[in-house]
> 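Got a structure for you, written out below as structure tokens; questions coming shortly.
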Amino acid sequence: MKQQSAKIGVREYVSIAVLMVGTKATEDTPANLYSQVQNAAWMIPLLSAGFFFIPLYLLIKTMSLYEGKDLFSVIKKILGKYLGFMVCLVIFIINSFAVSFDTRTYTNIIRSFYFTTTPTLIIYAILMFICAYGAKKGLQHIGSVSYLIVFYAVVSLYVALWLGTKHANINSMFPLWGPGAFVLVKEGAQKVTIFADFFLLTMVLPYLKSNKAFKKGTWFSYIYICIQISMSILIFVCMFDESLGGTAYPFHTLIRYISLGHYIPNVEIIFFIIWIMAAFIRFTAFLYINALMFGNLFKIKDFEYLIPSLATIYLMVGFIPEAPINVSLQFKPIIWSTAGPMFAGISILLWLVALIRGEFKHAKNKNIM
């Protein structure tokens, strides 16, 4: 299968971004944040978005110097062939582990709440097979399907949250600053990994219709997702209060509580179907981006042939933790503490090197910027 020449527009790109990053509100992220800062957990996405804004802005500004180039091509051009290769390899490895442990988290959710008697390996294999099949279809198909699903995914989330507010207590959000402002700022800086996917999305820049479309889509989805995740966590805090720290997957617990009136109870299957489609799109996009990274690293033109092999490797790595709790408490925290700060550091480094080399001045003289 050859790489597609067709490009995606702003609406497809925004749809992919919303499904990739926005779904973090429906996994174990709210519980992890609550365990660190208690009832002020809803402020962390706002603070992290603020901290990651400057590195992302500098990265997009640097990328604009090289029209039509992806992240890895820009890194190699700025840092040189050998250092650039090492930096790109580290990014690929970190993202590979992140995909492995995130897919395992979603497998744990599906088995814990919906298919309790099905072996974990079967669920995991089906998840990876569907995502690999979707990724092999190419970015244009991923964007089109994302655009079809994103509306239902967003609406179902808001409906679930709205129904959940009937069981919420607004007093649970107090004291407003939780453990204190200093702790909040510290955790906000450490949790920039929430928005690290926007760093990875620069890999698909050459497949968008223009750099302008990329910038517009990135900033729109960045602000929207920040608000969506923060609002979701606030409602989880008001609904679960102190028990949120022990509720690994609050969204799925919430949809078990809610009902549509007295005559339509047990509506979680409706939310589950929409959620699982969003999850398929999320990891389909990740698999495609990782294959794109691998192809760029080792100069493999038809990188889409690599997707089934990568999916199999990620399945084997993700299956290493014996228990679901090991994924949340041992493996994912390592990725959370390294990916975001490292990607932010690389973004700033690229901008600094480009500035010192006079790339911005040359681009201004050539009227590129």
Side-chain angles (χ1 to χ4, degrees), residues 19-21 23-24 26-32 35 89-137 142 193-194 196-197 200 246-253 272-273 275-295 297-298 303-340 342:
L19 294 177
M20 278 181 68
V21 191
T23 49
K24 290 182 179 179
T26 65
E27 50 177 46
D28 56 353
T29 299
N32 288 335
S35 65
L89 184 62
V90 170
I91 294 170
F92 171 74
I93 291 172
I94 289 176
N95 198 43
S96 294
F97 278 108
V99 172
S100 295
F101 298 132
D102 281 345
T103 48
R104 176 60 189 275
T105 297
Y106 277 64
T107 302
N108 294 335
I109 293 173
I110 295 168
R111 188 174 188 278
S112 302
F113 285 85
Y114 308 101
F115 296 95
T116 54
T117 59
T118 307
T120 303
L121 181 59
I122 299 296
I123 297 172
Y124 204 169
I126 293 173
L127 173 68
M128 296 307 288
F129 174 80
I130 294 174
C131 294
Y133 177 79
K136 209 166 179 302
K137 288 286 184 181
I142 297 171
T193 304
I194 295 172
D197 296 342
L200 303 171
T247 306
Y249 313 116
F251 174 76
H252 299 274
T253 306
F272 169 72
I273 291 171
W275 174 82
I276 194 67
M277 288 193 292
F280 285 144
I281 294 298
R282 181 185 186 202
F283 294 115
T284 295
F286 270 122
L287 276 177
Y288 185 87
I289 290 173
N290 277 24
L292 188 59
M293 288 179 177
F294 194 86
L297 275 171
F298 299 102
F303 61 88
E304 290 171 343
Y305 284 117
L306 302 168
I307 291 171
S309 302
L310 287 176
T312 306
I313 293 170
Y314 295 156
L315 187 152
M316 290 191 289
V317 174
F319 205 68
I320 291 174
E322 294 182 1
I325 196 170
N326 291 336
V327 180
S328 297
L329 299 181
Q330 293 181 12
F331 294 94
K332 286 187 73 172
I334 298 173
I335 300 296
W336 271 63
S337 60
T338 55
M342 182 176 289

> List in chain and number order the residues that pass side-chain hydrogen bond (donor to acceptor under 3.5 Å, both in side chains) with S35, two or more places apart in sequence or in another chain; answer none if no residue qualifies.
none
> Which residues pass the side-chain hydrogen bond (donor to acceptor under 3.5 Å, both in side chains) test with N95, sequence neighbours left out?
N290
> T103: what forms a side-chain hydrogen bond (donor to acceptor under 3.5 Å, both in side chains) with it, not counting sequence neighbours?
Y124
> Evaluate side chain to side chain contact (heavy atoms under 4.5 Å, CB included) for L200 paired with M293, printing each intermediate quantity in order.
CA-CA 9 Å; L200 303 171; M293 288 179 177; 3.4 Å; yes
> Looking at residues at least two apart in the chain, or sitting in another chain, which of them share a side-chain contact (heavy atoms from CB on, under 4.5 Å) with F113?
I109, Y249, H252, T253, R256
> Could you walk me through whether Y133 and L287 pass the side chain to side chain contact (heavy atoms under 4.5 Å, CB included) check?
CA-CA 10 Å; Y133 177 79; L287 276 177; over 6 Å; no
> Return the minimal non-hydrogen interatomic distance between A132 and A311, and the atom names on each side.
CB-CB, 3.9 Å
> What pairs of residues pass the salt bridge (Lys or Arg N to Asp or Glu O under 4.0 Å) test when at least one of them lies in residues 277-288, not counting sequence neighbours?
E27-R282, D102-R282
> Among residues at least two apart in sequence or on other chains, which ones pass side-chain hydrogen bond (donor to acceptor under 3.5 Å, both in side chains) with S96?
Y314
> So, using side-chain contact (heavy atoms from CB on, under 4.5 Å) as the criterion, who are the partners of A339 when residues are at least two apart?
I94, T193, I335, F343
> Checking side chain to side chain contact (heavy atoms under 4.5 Å, CB included) for the pair I91/M342: CA distance, chi angles, key distance, verdict?
CA-CA 9 Å; I91 294 170; M342 182 176 289; 5.8 Å; no
> Under the side-chain contact (heavy atoms from CB on, under 4.5 Å) rule, collect the residues that match up with T118, sequence neighbours excluded.
F115, I122, I123
> To check you understand the geometry: which heavy-atom pair defines the closest contact between F303 and A291, and what is its length?
CB-O, 3.5 Å
> Between K136 and Y288, is any pair of side-chain heavy atoms under 4.5 Å apart?
no
> Taking only residues two or more places apart in sequence or in another chain, which ones pass ring pair (Phe, Tyr, Trp, His ring centres under 6.0 Å) with F298?
F85, F294
> Hey, could you give me the OG1/NZ distance between T26 and K24, rounded to the nearest 0.5 Å?
11.0 Å
> Side chains of T107 and F319: closer than 4.5 Å at any heavy-atom pair?
no
> Looking only at heavy atoms, what is the nearest atom pair of T284 and G134, with distance?
CG2-C, 3.4 Å
> At what distance, to the nearest 0.5 angstrom, does CZ of F283 lie from CE of M128?
8.5 Å
> For the atom pair CG (D197) and CZ (F286), what is the distance rounded to the nearest 0.5 Å?
3.5 Å
> Can you list everything that forms a ring pair (Phe, Tyr, Trp, His ring centres under 6.0 Å) with F272? Sequence neighbours excluded, please.
Y114
> State, to 0.1 Å, how close A31 and A248 come at their nearest heavy-atom pair, and which atoms those are.
CB-O, 3.8 Å
> Side chains of F251 and T23, heavy atoms from C-beta outward: is any pair under 4.5 Å?
no
> For the CD1 atom of I110 and the OG1 atom of T116, what is their distance to the nearest 0.5 Å?
13.0 Å
> Show your working on side chain to side chain contact (heavy atoms under 4.5 Å, CB included) between L121 and L315 and close with a plain yes or no.
CA-CA 9 Å; L121 181 59; L315 187 152; 3.9 Å; yes
> Would you give the length of the straight line joining atom CZ of F129 to atom OG1 of T312, rounded to the nearest 0.5 angstrom?
10.5 Å
> How long is the straight-line distance from CG of L297 back to CD1 of I93, given to the nearest 0.5 Å?
9.0 Å
> Of the non-hydrogen atoms in A278 and L19, which two are nearest, and what is the gap between them?
CB-CD2, 3.9 Å
